Amino acid sequence: MIDRHLQISADPDSPKLLMKELGLKDSFQFECRLECMGMCCNSIRIVLDPWDVEVLARHLGLGGKACIDQHCTLEFTPESHWPIVWLAGAYSGPCTFLNSDNKCSVYTARPTICRTYPLGRAVRIDEDGQAVEKVFLVEKAAFCLGGLTERLRTVESWLNNEGVRERAPLSNLYLALIYYAETELHSPKWMNKPIANMLHPLLFAPEMLRAKLDIGEDLDHAEFYRRRLDAVKLLLTDLAAGFGCGPLAAKAEESVFKESMMERIRHVLAIGERPEM
Ligand code: SF4
Ligand code: SF4
């Protein structure tokens with residue numbers, strides 16, 4: 001089993017990754033080939049972030065919840081401390097999105113990790129909440145013949161052409177949220193399955209939130225995504241205070257806000273108000 005999750009969440013300062021680090025102007029030889037087409041989409045853990053789920057769901061004409069129910073595994077384990085989603089079909093055999101010609105049937109909506117290969121992005125969030133990215137060449141599986149070509153690509157052109165550059169800011173926002181939960185709120189101490197379940201609609205079901213709050217499609221999907229992550233931040237910060245963690249811990253007994261948590265979440269989602277901490 002290959003785990004491509006590590007490509008995106010690994011520590012970029014790991015010596016193992018630094019060995020293969022590439023600059024944006026560096027070149028590498030790669031071109032997909034018919035002989036091995038689709039072999040990379042088999043028995044592999046393709047981890048999705050909420051933006052991956054949203055784009056895939058819209059492409060399939062599904063809501064985020066239905067997309068997860070039908071095509072993904074959503075798991076929370078005491079080790080992960082966070083809900084993790086991956087493509088169910090690709091994990092247990094050939095990806096269910098492979099066509100009979102072994103090409104991807106959801107190519108324009110394929111997940112970020114599928115786009116990035118044979119490169120990987122390792123992202124660390126610094127103390128100011130900014131993403132520090134390093135790009136490296138992934139060690140290719142023996143079956144992958146993509147390196148047997150004279151065709152040279154630059155890292156920059158690959159990331160741009162595959163749509164990775166466009167998605168990176170949204171992926172980074174999600175990583176920053178997880179980093180905030182772990183470091184500022186000490187979420188591994190208190191995160192459990194029921195709390196993780198509370199996050200699911202905000203993370204993965206924008207259609208349900210839009211319907212509930214009567215927010216139409218005129219609100220840009222990316223902007224609504226940012227608001228949803230802000231709402232998760234607000235929710236987790238309030239919950240953490242109850243466990244004596246995070247910036248509101250000292251005020252957990254006082255009523256700091258005039259409005260209830262649900263009303264504040266509603267404002268973040270509907271008006272785009274930045275959450276007050
Ligand atoms: S979504 Fe497409 S590219 Fe990604 S594993 Fe499935 S078939 Fe392959
Ligand atoms: S060259 Fe590698 S990435 Fe491309 S189709 Fe073949 S196995 Fe997959």
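Index from 1, following the sequence. Everything numeric here is computed off the predicted structure, so don't read it as measured data.
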As an exercise, state the distance from [atom1] of [X] to [atom2] of [Y], rounded to the nearest 0.5 Å.
{"X": "Asn197", "Y": "Phe76", "atom1": "CG", "atom2": "CZ", "result": "9.0 Å"}
{"X": "Thr73", "Y": "Leu87", "atom1": "OG1", "atom2": "CG", "result": "9.0 Å"}
{"X": "Leu239", "Y": "Phe243", "atom1": "CG", "atom2": "CZ", "result": "7.0 Å"}
{"X": "Glu156", "Y": "Thr154", "atom1": "CD", "atom2": "OG1", "result": "6.0 Å"}
{"X": "His267", "Y": "Asp230", "atom1": "NE2", "atom2": "CG", "result": "14.5 Å"}
{"X": "Asp126", "Y": "Arg124", "atom1": "CG", "atom2": "CZ", "result": "6.5 Å"}

Would the number of heavy atoms belonging to other residues, nucleotides or ligands and lying under 6.0 Å from [atom1] of [X] be above 12?
{"X": "Asp220", "atom1": "CG", "answer": "yes"}
{"X": "Arg266", "atom1": "CZ", "answer": "no"}
{"X": "Gln29", "atom1": "CD", "answer": "yes"}
{"X": "Met208", "atom1": "CE", "answer": "no"}

Distance-only, no hydrogens or angles: does the [X] side chain make a donor-acceptor pair with backbone N or O of [Y] under 3.5 Å?
{"X": "Thr116", "Y": "Thr112", "answer": "yes"}
{"X": "Arg210", "Y": "Gly216", "answer": "yes"}
{"X": "Asp26", "Y": "Leu22", "answer": "no"}
{"X": "Arg167", "Y": "Pro111", "answer": "no"}
{"X": "Glu263", "Y": "Ser260", "answer": "yes"}
{"X": "Thr183", "Y": "Tyr179", "answer": "yes"}

Taking all heavy atoms of [X] and all of [Y], pick out the closest pair and write down the distance.
{"X": "Ala109", "Y": "Leu56", "result": "O-CD1, 4.0 Å"}
{"X": "Pro169", "Y": "Glu166", "result": "CD-O, 3.4 Å"}
{"X": "Val138", "Y": "Gly120", "result": "CG2-N, 3.7 Å"}
{"X": "Leu185", "Y": "Gly246", "result": "CD2-CA, 3.8 Å"}
{"X": "Ser27", "Y": "Leu152", "result": "CB-CD2, 3.9 Å"}
{"X": "Asp101", "Y": "Met37", "result": "O-CG, 4.2 Å"}

Within the 4.5 Å heavy-atom criterion, are [X] and [Y] side-chain neighbours or not?
{"X": "Ser105", "Y": "Leu98", "answer": "no"}
{"X": "Lys25", "Y": "Val155", "answer": "no"}
{"X": "Met191", "Y": "Leu236", "answer": "yes"}
{"X": "Leu203", "Y": "Leu229", "answer": "yes"}
{"X": "His59", "Y": "Val55", "answer": "no"}
{"X": "Gln70", "Y": "Leu62", "answer": "yes"}
{"X": "Leu173", "Y": "Trp51", "answer": "no"}
{"X": "Leu199", "Y": "Trp82", "answer": "yes"}

Discussion item. Run the side chain to side chain contact (heavy atoms under 4.5 Å, CB included) test on Tyr117 and Lys140 for me, step by step, so that the C-alpha distance in whole Å, both residues' side-chain angles and the decisive distance to 0.1 Å come before the verdict.
Written reply: CA-CA 9 Å; Tyr117 185 81; Lys140 283 189 277 303; 3.4 Å; yes
Worksheet item: Can Ser187 and Tyr180 be counted as having a side-chain donor-acceptor contact under 3.5 angstrom?
Response: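 Side-chain D/A pair, Ser187 to Tyr180: absent.
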Worksheet item: Between Glu133 and Arg165, does a salt bridge (Lys or Arg N to Asp or Glu O under 4.0 Å) hold up when you go through it step by step?
Response: CA-CA 12 Å; Glu133 178 196 72; Arg165 267 286 155 263; 2.9 Å; yes
Worksheet item: Is it true that Leu148 and Leu119 fall in one hydrophobic cluster, defined by side-chain heavy atoms closer than 4.5 Å?
Response: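 In one cluster with Leu148: Leu119, no.
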Discussion item. Would you say Tyr107 ends up clustered with Val53 if hydrophobic residues are merged whenever their side chains have heavy atoms under 4.5 Å apart, either directly or through other cluster members?
Written reply: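 They do not share one cluster, since no chain of ILVMFWY contacts under 4.5 Å joins Val53 to Tyr107.
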Please determine if [X] forms a cation-pi arrangement with [Y], meaning its NZ or CZ atom is less than 6.0 Å from the six-membered ring centre and no more than 45° off the ring axis.
{"X": "Arg151", "Y": "Trp158", "result": "no"}
{"X": "Arg45", "Y": "Trp86", "result": "yes"}
{"X": "Arg228", "Y": "Tyr225", "result": "no"}

Fill in: Test log, rule side chain to side chain contact (heavy atoms under 4.5 Å, CB included), inputs Arg58 and His221
CA-CA 10 Å; Arg58 281 207 304 273; His221 292 293; 3.2 Å; yes
Practice prompt. Take Leu24 and Leu159 through the test side chain to side chain contact (heavy atoms under 4.5 Å, CB included) and record every step on the way to the result.
Written response: CA-CA 9 Å; Leu24 288 179; Leu159 297 178; 4.2 Å; yes
Discussion item. Under the criterion side chain to side chain contact (heavy atoms under 4.5 Å, CB included), I'd like the reasoning laid out for Ile46 against Cys114: C-alpha separation, chi angles, the key distance, then a yes or no.
Written reply: CA-CA 8 Å; Ile46 304 284; Cys114 303; 3.9 Å; yes
Practice prompt. Give a yes or no on whether the ring-centroid distance for Phe97 and His71 is below 6.0 angstrom.
Written response: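 Yes - the distance between ring centres of Phe97 and His71 falls below the 6.0 Å cut-off.
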Worksheet item: Passes salt bridge (Lys or Arg N to Asp or Glu O under 4.0 Å), Asp52 versus Arg110? Steps please.
Response: CA-CA 8 Å; Asp52 285 323; Arg110 69 199 187 286; over 6 Å; no
